[in-house]
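Below is one structure, written out as C-alpha cells, with a few remarks after it.
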Amino acid sequence: MLSRSFKLSLRFILPLAVLLGLFAYILVPLMDSLTLRWSVRDLDNRSQLLASTLQLPLREYVQANDRVRIKRLFDSAVQDERLFALAYCDSNEKLLYQSASYPASLGCWNEPADGSKRRSLVRLPRGPVHVAETQIRDDASVFGRLILVHDMSFIERRSAETTKYVLGFFALLAVAISVLTLVVSHLSWRGWLAGVKDVLRGQLGRSARAPSAAPSPEMEPLIGELRGLMEEYHEERQRSSGESGAADWAPEKLKSLLQQDLAGDEVLVVSNREPYIHDAAADGTIRVRRPASGLVTAVEAVMRACSGTWIAHGAGSADKETVDRNDHVPVPPDNPRYTLRRVWLTKQEEQGYYYGFANEGLWPLCHIAHVRPVFRSADWAEYVKVNRRFADAVIAEARSDNPVVLVQDYHFALLPRMVREALPKATIITFWHIPWPNSESFGICPWREEILDGMLGSTILGFHTPFHRKNFLDTVDRYLETRIEQEASTISYGGELTQVEDYPISIAWPDYPDLAPVEQCHREIRDYLGVPRDHLLGFGVDRLDYTKGILERFQAVERMLELHPGMVGRFSLVQIAAPSRSDLEEYMSFEQRVRQLAAAINERYAGASAPPIILKIEHHEQEDLQRYFRASEVCMVTSLHDGMNLVAKEYLAARDDEGGALVLSQFTGAARELHEALIINPYHIEQGAEALYRGLTMPVSEQRERMRAMRDRVRRFNVYRWAGHMLLDAARLRKREKVMQKIRAHSRGGLRRVG
Ligand code: GDG
C-alpha cells in the first residue's frame, strides 16, 4: 500500500522538485548580483575611508618626494587583508609611486580610449579587483590621485557560498515538503481505501473488527457511484450465470430452476426448529403455532415453493398426535404444500444437544455479545448423537441417491459429513444463519476440528456476509490440512471440494391483500395501547435474546428523553420479546434485566401521560406484528451481533405507504444492504438516542426517499433469490461433477486401450 501511495505522491513530488529547481535557478544569479552590488558599495566606502586616512601623510611625502616613506606608507597600508595595491599618479597622469603588488596593466586607471566609462570592477589574470581613486590636493590645487585596488576574490567565495546555501535550502525545502506530502497522502490514501473497501464489501457502517459508523463527507459522492457500479456488476454477473434479472425472483422461478437445473430432484430440509408446532390447549383442543425464528421465516417460503420434506425436532405438546405412522404431517395445515417429518428427542438429548452444546456453546461462541461459551463433554456427546439421529432421518427420507439436502444452522455442523458418507452423490447445501467468528475465537471450541470436518461434508457452505465467509476460510486454514483456493472460494479436503459462498438471506416479499390500511393500524394500535392518537411510537420485536441489544435500545430511549424532554409523554417504545431458550440460566437472568430496566425507566417518568417503554414478553401472531410495523414511526433493530436480522426487512416490507424510519445496528448483516437506514453502533447510547429522535422527526419526503430505496432492494433481493443462488451454484457444481466423471471414465477407457 505504501508503494502505491508513494507512486501517487510522486505525481506531486516530481513537478514540485522541478518547480523548486526553477526557483533556485532564477534566484541564485539574482542573489549574486545583489551581493555584488552590496560589496561594491562597501568597497567604495572603504576606499573613501582609507584614502582620507592616507591623504595627509601622502601629500606631505609627495611634496617632499620622499620615496622611502611613501613606500613604507604603501607597504603598511596593503597589510590590510582586502586592500591589494596602491598607486599614486601625478596630475600629468604619470605613475610615480606604487606598491609592489600594483598591477602594471592598470596604469593610472584612465578613462578607456574608446570613450566608454571606467568600471570600478576590473578583471585581471589573478582575479577580479575593485579600483577606486581619490584626489590628493592642498587648499589651492590638485596635484595627484591615489588609486586604491581591493581584492575581490572574497566576493567570488561569498557568492559560491551563498549559492551553496540557497541550493541547500531549496533541497531541504523539497525534502521536507515531499516527506510531508508522503505522510499526508499515505494517511488519506489509507482512509480512502478503507472507505472504498467498506463499500465494496457492502460493509458501510458495519465491520466486526473496526466499525466505521459513517462515511466521511468527502467520500459520500464516491460511495454513491461505487454502490451503483457494484450493483450493476452483480446484475451483470447474475445475467452471465443464467439468471434473467434479480427483479424476477419468485416462487415459480425457484420451482422451475429445481426442475430444469436440478432435474426435478427432491429437496430435503433439516433444521432444529419446526415450521409448525402443534400444541395442546388447556381446553383440550390442538392449536398450530408458527415459531418466532428467522430461519423458519425464510426457509418456509422456499419450501412452499419447492415442496419436498422438512425434517425437524417435534417440540410441540401435541406434535405426536398429529403425525402419521412415518412421523409425517402435511403442512401448511390449511393448504399443504410439503411434508414435515418430525424427529423425537428425549429430554436429555434436547438438554445436551440443543440447550447445552448448541445454545450455551456455539451460539455465544459465534456472536460477539460478551457472554462466555460453555462447553461440556456430556453436551458434545448428545450433540453427536442427535446429529446422527437427524442424519439417519435424512437418509431414510431420501428417495434417490442424489437428493438436494438443505442443512440449516449451527445445530447440525456434523450432519453434512454423516449424510455424505451414506449418500456420496447428494448435493448438501449447509447454511450457517449466525455469524462465523474469527479463527482465534473459534479456536476456543474443544471440538473445533470435528465441527469443521463435519461441515466440510457439504457441497456448498453458505454464510450471510463475505466477512463471515472469510472468517470461515481462515478458520479452516488454521485448524485443518486443506487446500484453499481463495479466488474461487473453494476448500479441497480429503479429495472433496466444498464451495464456500455468501448468500444474504431475506424474506418473501409479502402480498397482504387483507391488511388494514396504515391509518387504520395507526389508530387502532394507539386505542389498544390507551395512548393518544397523535402519540409517537417506536417498535421492536425480537426473540428475547441477549444478542438483540434490547437493553441498549431501552437505554437509547431513556437518553433520547433526557436529550429531548419535549418527547416525554409524547413517545413510547413498544417492545415485543418472544420468549426463547427460557430454560437456560443466561436467558432467565436476561429476561429479569430487561423487565427491571423497563420498569426503572417507566418509574423515572411515572408522571408522564404514557410510559416510555411498553414491554410485552409474549409470543404474538404475525398479523399483530404487521399492525405494529404499520403503526410505528420508527422500528428499532439494535442487535449487538446478528447474522442478518429479518425484522429489519419485515418492517420495510410492511410499509407499503413508504412511511416510517428504520434504526439499524451496524452489527447486523442487514446493515450491509440497507444503507438508507439510520445506521448506529448500539453500544453508543447517545448515537442510538439521536438516531431515534431523527427517525421520529424525519420529514415525510425523506422517509419516502429512504424507504423507497430500501423496499426496492428487499423486494428484488428476496428469499427466493437467496435459495435460487444456492441452488444455481449447486446445479453448476453437479454439472461440473458429471463432466469430470465423464472425463475420468474416458481417460480410464483410453488407458485400458493403450494397455
Ligand atoms: C437467525 C439469525 C438471521 C419475533 N418475535 C415474534 C416473531 N418473530 C419473528 C420475526 C422474524 C424472526 O422471528 C426473527 O428473525 P431474526 O432474523 O431477527 O433473528 P433470529 O431468530 O435470531 O434468526 C439471524 C436469521 O436466523 C435468518 O437467517 O437473520 O441473524 O440470528 O421473522 O418476525 N414472529 C411471531 N411472533 C413473535 O412474537 N410470529
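Start at 1 and go down the list; that is how both ligands and their atoms are numbered. Computation of the quantities below employed the complete heavy-atom set of this structure, encompassing side-chain atoms and omitting hydrogens, waters and symmetry-equivalent molecules.
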Taking non-hydrogen atoms only, is [X] closer than 4.0 angstrom to ligand 1 via side chain, backbone, both or neither?
X	answer
V541	side chain
W722	neither
T668	neither
A292	both
N645	both

Which residue owns the protein heavy atom closest to [atom], what's the atom, and how far is it?
atom	answer
atom 34 (N) of ligand 1	L625 CD1, 3.6 Å
atom 33 (O) of ligand 1	E650 OE1, 2.6 Å
atom 13 (O) of ligand 1	S293 N, 3.3 Å
atom 38 (O) of ligand 1	H620 N, 2.9 Å
atom 2 (C) of ligand 1	H433 O, 3.5 Å
atom 30 (O) of ligand 1	D642 OD1, 2.5 Å
atom 14 (C) of ligand 1	G294 N, 3.5 Å

> Taking C-beta and beyond as the side chain, do M644 and E673 meet within less than 4.5 Å on heavy atoms?
Replying inline: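 In contact.
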Between [X] and [Y], ring centroids under 6.0 Å:
X	Y	value
H433	F431	yes
Y410	W363	yes
W380	F357	yes

Measure the spacing between [atom1] of [X] and [atom2] of [Y] and express it to the nearest 0.5 Å.
X	Y	atom1	atom2	value
R706	E676	CZ	CD	8.0 Å
L662	C635	CG	SG	5.5 Å
I679	L674	CD1	CG	7.0 Å

Just jot down the ligand 1 atoms closer than 4.0 angstrom to any heavy atom of [X], in number order.
X	answer
H464	3 (C), 28 (O)
V647	10 (C), 18 (O)
A578	5 (N), 38 (O)
G643	30 (O)

N/O to N/O below 3.5 Å, does that happen between [X] and ligand 1?
X	result
W363	no
L646	yes
M644	yes

Just by distance, do the side chain of [X] and the backbone of [Y] share a donor-acceptor pair under 3.5 Å?
X	Y	result
D409	H411	no
N645	A648	yes
N718	W249	yes
E633	L696	no

>> Can you tell me which residue among W436, F472, W447 is in a ring-ring contact (aromatic ring centres under 6.0 Å, His included) with F442?
In response: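 Only one of W436, F472, W447 forms a ring-ring contact (aromatic ring centres under 6.0 Å, His included) with F442, namely W436.
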> Counting heavy atoms only, which of R290, K548, R543 comes nearest to atom 19 (O) of ligand 1?
Replying inline: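 Nearest option to atom 19 (O) of ligand 1, by heavy atoms: K548.
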>> With a 4.0 Å cut-off on heavy atoms, is Y651 in contact with ligand 1?
In response: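 Contact absent.
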>> Under 4.0 Å, counting heavy atoms only: does A298 come that close to any atom of ligand 1?
In response: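 In this structure, A298 fails to qualify as a contact of ligand 1 - no heavy atom is under 4.0 Å.
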> Does the pair R553/D542 count as a salt bridge with the N-to-O cut at 4.0 Å?
Replying inline: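 Salt bridge: yes.
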